[in-house]
Amino acid sequence: PPNPSRALGHQYKTQQLHCLNTTFVGELIPNLFDMRTLKLTIACLFATIFTFAGISPNEKEALIALYNSTNGSEWNSTWDISSSVDTWYGVTIENDAVVELNLQFNNLNGTIPNQIGELTQLRKLNFGFNKLTGNIPTSIKNLKALSSLELFMNGLEGNIPVELGELSQLESLKLYSNKLSGVIPTSIMGLTNLKELLLGSNFLSGTIPNEVYMLSKLEKLSLMDNKLEGEIPVELAQLSNLEELLLSSNQLTGDLPMEFMNLSKLNTIMVSDNNLNQDFTSVSGNNPPGLIFIELQNQNATATMDIEKE
């Protein structure tokens, strides 16, 4: 005899299905109904997962750590951390990963958390024009995809991490106008994709690394307004793509290498306010490199201290 129906009090007729001399007795219609419901439920579940797929928990925790360590509630454009991450100001997401973090001019006040190193797919990081303090975390070395690191116009202190030399994809490094000290790490000279290296207006000491010639793609180099000493390395003349060279307001000695005249793309050079054997004017504009070497007689050169351009 057929089993009584158990589905939500509804009565269904049972059927017998004979197949290959085997008799199946059961509630055929409810079973078909349950199977369709199960398939629909699974389909909806997958649709929900893919529709609301987001960044990894580690990445979200890194962003929240940044929010907490820089007084996020007081940002100019703050985050509603209860809402979806893709709605957060300055955060760009591709393929469920954070690829850009643009929070310049946003009143970040505090330190950069170590968790920043969890954003391993990040290609651009811009915290310029804020109130960041403390050290640059060494965990930034984990951001192997990073092509642009901009931490300028803050109050960052300590040494430039040697670990930055591990960011082989980096094209732009802007750390100017902070309180960074110590020497320029030689490891940075291994960043052969660099086009911009702007370290001006800090408290950097020591000499300009001779290995600077390795930065063959470099277009802009600013080391102005530091405490650098020693001679200007002739190796700079090997940077055939160099357009801007800002070395003014340091303690550099010796002569300006004549080899600089071979830098055909160079249109801006500032070397005034140093301890060079001769005083030179600051030249900016589409002038022949030879004009750089105009010696000023009986007076000191006065440099126009232009603000470094982004």
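The backbone N or O of Leu199 sits less than 3.5 Å from a side-chain atom of Asn202, completing a donor-acceptor pair. The backbone N or O of Ile140 lies less than 3.5 Å from no partner atom in the side chain of Asn142, so there is not a single donor-acceptor pair. Formation of a donor-acceptor pair under 3.5 Å by the Asn126 side chain with backbone atoms of Leu151 is not found in this model. Of the possible polar contacts, none joining the Asn68 side chain to the Leu66 backbone as a donor-acceptor pair under 3.5 Å is found. Checking side-chain atoms of Ser84 against main-chain N and O of Thr87 turns up no donor-acceptor pair under 3.5 Å. At least one donor-acceptor pair closer than 3.5 Å links the side chain of Thr78 to the backbone N or O of Gly72. A donor-acceptor pair is defined here as one N or O able to donate and one able to accept, closer than 3.5 Å; such a pair exists between the side chain of Asn250 and the backbone of Leu223.
Checked against side chain to side chain donor-acceptor pair (under 3.5 Å), Trp75 has the following partners two or more places apart in sequence or in another chain: Thr70. Remark: Ser216 pairs with no residue by the side-chain contact (heavy atoms from CB on, under 4.5 Å) rule, at least two apart or across chains. With sequence neighbours left out, the salt bridge (Lys or Arg N to Asp or Glu O under 4.0 Å) criterion links Glu118 to no other residue. In this structure, the side-chain contact (heavy atoms from CB on, under 4.5 Å) partners of Glu229, at least two apart in sequence or on a different chain, are Gln251. Applying the side chain to side chain donor-acceptor pair (under 3.5 Å) rule to Ser69 yields no partners; only residues at least two apart in sequence or on another chain are considered.
Leu125 and Leu146 get closest at one heavy-atom pair: N-CD1, 4.0 Å. Here the closest non-hydrogen pair linking Glu150 and Lys124 is OE2-CE, 3.8 Å. For the pair Pro113 and Pro137, the tightest heavy-atom approach, listed with the atom from each and the gap, is O-CG, 4.0 Å. The shortest heavy-atom contact between Trp88 and Leu63 is CZ3-CB, 3.8 Å. Here the closest heavy-atom approach between residue Gln169 and residue Asn193 is recorded as CA-ND2, 4.2 Å. In terms of heavy atoms, Ile188 sits closest to Leu215 at O-CD2, 3.7 Å.
In this structure, Ser148 OG and Glu171 CD are separated by 8.5 Å, a value rounded to the nearest 0.5 Å. For the atom pair CG of Leu266 and CG of Asn241, the computed distance is 11.5 Å after rounding to the nearest 0.5 Å. Between the CD atom in Gln238 and the CG atom in Asn262 there is a gap of 11.0 Å [rounded to 0.5 Å]. Atom CD1 of Ile232 and atom CG of Leu256 lie 5.0 Å apart (nearest 0.5 Å). The distance from atom CG of Leu198 to atom OG of Ser172, rounded to the nearest 0.5 Å, is 6.5 Å. With rounding to the nearest 0.5 Å, the separation of CG in Asn226 from OG in Ser205 is 9.0 Å.
Classification of Lys144 and Glu166 as a salt-bridged pair holds, one side-chain N sitting under 4.0 Å from a carboxylate O.
Residue Tyr89 is grouped with residue Tyr67 when hydrophobic side chains (ILVMFWY) are merged at heavy-atom distances under 4.5 angstrom, including chains of intermediate members. Taking hydrophobic clusters as Ile, Leu, Val, Met, Phe, Trp and Tyr residues chained together by side-chain heavy-atom distances below 4.5 Å, Leu245 does not share a cluster with Met214.
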Next item on the list: Show your working on side chain to side chain contact (heavy atoms under 4.5 Å, CB included) between Leu173 and Glu196 and close with a plain yes or no.
Entry: CA-CA 6 Å; Leu173 179 58; Glu196 296 179 300; over 6 Å; no
Item checked: Criterion side chain to side chain contact (heavy atoms under 4.5 Å, CB included) on Leu132 and Phe127, from CA distance to verdict -> CA-CA 8 Å; Leu132 296 174; Phe127 290 162; 3.6 Å; yes
Margin query: As a quick check of understanding, evaluate salt bridge (charged side-chain N to carboxylate O under 4.0 Å, His left out) for Arg123 and Glu94, giving each step before the final call.
Written below: CA-CA 11 Å; Arg123 298 196 297 263; Glu94 292 180 7; 3.2 Å; yes
Item checked: Evaluation steps, side chain to side chain contact (heavy atoms under 4.5 Å, CB included), between Val98 and Val91 -> CA-CA 7 Å; Val98 180; Val91 179; 4.1 Å; yes
Margin query: Quick one, Asp80 with Ser82, criterion side chain to side chain donor-acceptor pair (under 3.5 Å). Give me CA distance, side-chain angles, the key distance, then yes/no.
Written below: CA-CA 5 Å; Asp80 178 1; Ser82 65; 2.5 Å; yes
Notebook entry, point to check: Hey, mind stepping through Leu252 and Val271 against side chain to side chain contact (heavy atoms under 4.5 Å, CB included) and telling me if it holds?
Noted result: CA-CA 9 Å; Leu252 299 172; Val271 295; over 6 Å; no
Next item on the list: Show your reasoning for whether side chain to side chain donor-acceptor pair (under 3.5 Å) applies to Glu244 and Thr268.
Entry: CA-CA 5 Å; Glu244 294 183 9; Thr268 299; 4.8 Å; no
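Put simply, the side chain of Thr192 does not reach to within 4.5 Å of the side chain of Lys217, judged on heavy atoms. When side chains are defined from C-beta on, Phe260 does not count as touching Val234, because their heavy atoms never get closer than 4.5 Å. Residues Ser56 and Glu59 are in side-chain contact: their nearest non-hydrogen atoms beyond the backbone lie under 4.5 Å apart. Counting heavy atoms from C-beta outward, Ile208 and Leu247 have side chains that approach closer than 4.5 Å. Side-chain contact between Leu236 and Leu221 is present, with heavy atoms from C-beta onward closer than 4.5 Å. In this structure, the side chains of Leu170 and Leu149 come closer than 4.5 Å at one or more pairs of heavy atoms. When side chains are defined from C-beta on, Ser181 counts as touching Asn159, because their heavy atoms get closer than 4.5 Å. For the pair Ile136/Ile160, no side-chain contact is recorded, criterion being any heavy-atom separation below 4.5 Å from C-beta on.
The number of heavy atoms from other shown groups lying within 6.0 Å of CG (Asn277) is above 12.
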Atom pairs and distances, donor-acceptor, side-chain atoms in residues 99-111, under 3.5 Å, two or more places apart:
| unit_1 | atom_1 | unit_2 | atom_2 | d |
| --- | --- | --- | --- | --- |
| Glu100 | OE1 | Asn102 | ND2 | 3.0 |
| Asn106 | OD1 | Ser77 | N | 2.8 |
| Asn106 | ND2 | Ser77 | O | 3.2 |
| Asn107 | OD1 | Lys131 | NZ | 3.3 |
| Asn107 | ND2 | Glu74 | O | 2.9 |

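No side-chain N or O of Asp225 forms a donor-acceptor pair with one of Ser249 less than 3.5 Å apart.
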